[in-house]
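Written out below as structure tokens is the structure these notes cover.
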Amino acid sequence: ATLAIANLSETLSGHLDDKKIADSAARDIIRVGRRHGKRADPEISRMICRKCFIALSPGQNSRIRIVSKKIITTCTICGKISKTSPRDSI
């Protein structure tokens with residue numbers, strides 16, 4: 001499962017320009033993680049909307065704002081808002 005998530009993460013980060021492949025990899029990362037109890041790296045998890053299971057790419061289907069020392073990512077497809085601290089991004 002760890003190897004599958006690593007391969008899917010590499011596919012997701014390498015194919016953000018091809019929406020169909022990126023969305024499929026995002027859904028599969030979530031599915032494998034739920035089935036086997038393994039999680040993707042935090043930088044990959046931030047690239048996936050947890051509500052509609054699509055790959056988030058800033059400017060295309062997500063909006064990123066920095067407000068009050070928080071990074072706020074909004075999915076423009078479903079409207080899900082996720083907030084992280086800048087320390088989590090390093």
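Note: hydrogens, waters and symmetry copies are ignored here, and every other heavy atom, side chains too, is used. Please read these numbers as outputs of a predicted model, since none were measured by experiment.
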message: Rounded at 0.5 Å granularity, tell me how far CZ in R46 sits from OG1 in T84.
response: 5.5 Å

field: Check: I30 main-chain N/O paired with R34 side-chain donor or acceptor under 3.5 Å
entry: no

- prompt: L16 and M47: which non-hydrogen atoms are nearest, and at how many Å?
  reply: CD1-CE, 3.6 Å

- prompt: Given the rule that I, L, V, M, F, W and Y join up when any side-chain heavy atoms are under 4.5 Å apart, are F53 and L56 in one cluster?
  reply: no

query: Quick one: do V32 and L3 end up in the same hydrophobic cluster if we chain Ile, Leu, Val, Met, Phe, Trp and Tyr together by side-chain heavy atoms under 4.5 Å apart?
result: no

query: What heavy-atom pair brings S45 and A40 nearest, and what distance separates the two atoms?
result: OG-O, 3.6 Å

- prompt: In Å and rounded to the nearest 0.5 Å, what is the NZ to CD1 distance from K38 to I29?
  reply: 15.5 Å

- line: Taken to the nearest 0.5 Å, the spacing of T74 OG1 from K83 NZ works out to 9.0 Å

field: Heavy-atom check, side chain of I21 versus side chain of T11, under 4.5 Å
entry: yes

statement: Closest non-hydrogen atoms of C78 and C52, given as atom of the first, atom of the second and distance, are SG-SG, 3.7 Å

- line: Looking only at heavy atoms, the pair that brings A55 and D23 closest together is N-OD1, 3.0 Å

- line: Between P86 and I71 the two heavy atoms that sit nearest each other are CA-CD1, 4.0 Å

message: Applying a strict under-4.5 Å side-chain criterion to I, L, V, M, F, W and Y, I'd like to know whether I54 and I48 cluster together.
response: no

message: Quick check: closest heavy atoms across A22 and L12, and the distance to 0.1 Å?
response: O-CD1, 3.3 Å

query: Considering residues, nucleotides and ligands other than E10, do more than 12 of their heavy atoms fall under 6.0 Å from its CD?
result: no

- line: CD1 (I72) and CZ (R65) are apart, to the nearest 0.5 Å, by 9.5 Å

field: Heavy-atom side-chain proximity of K19 to N61 below 4.5 angstrom
entry: yes

message: Let me confirm one number: the NZ-OG distance from K80 to S62, rounded to the nearest 0.5 Å.
response: 13.5 Å

query: When you measure from the side chain of S9 to the backbone N and O of I5, does any donor-acceptor pair fall under 3.5 Å?
result: yes

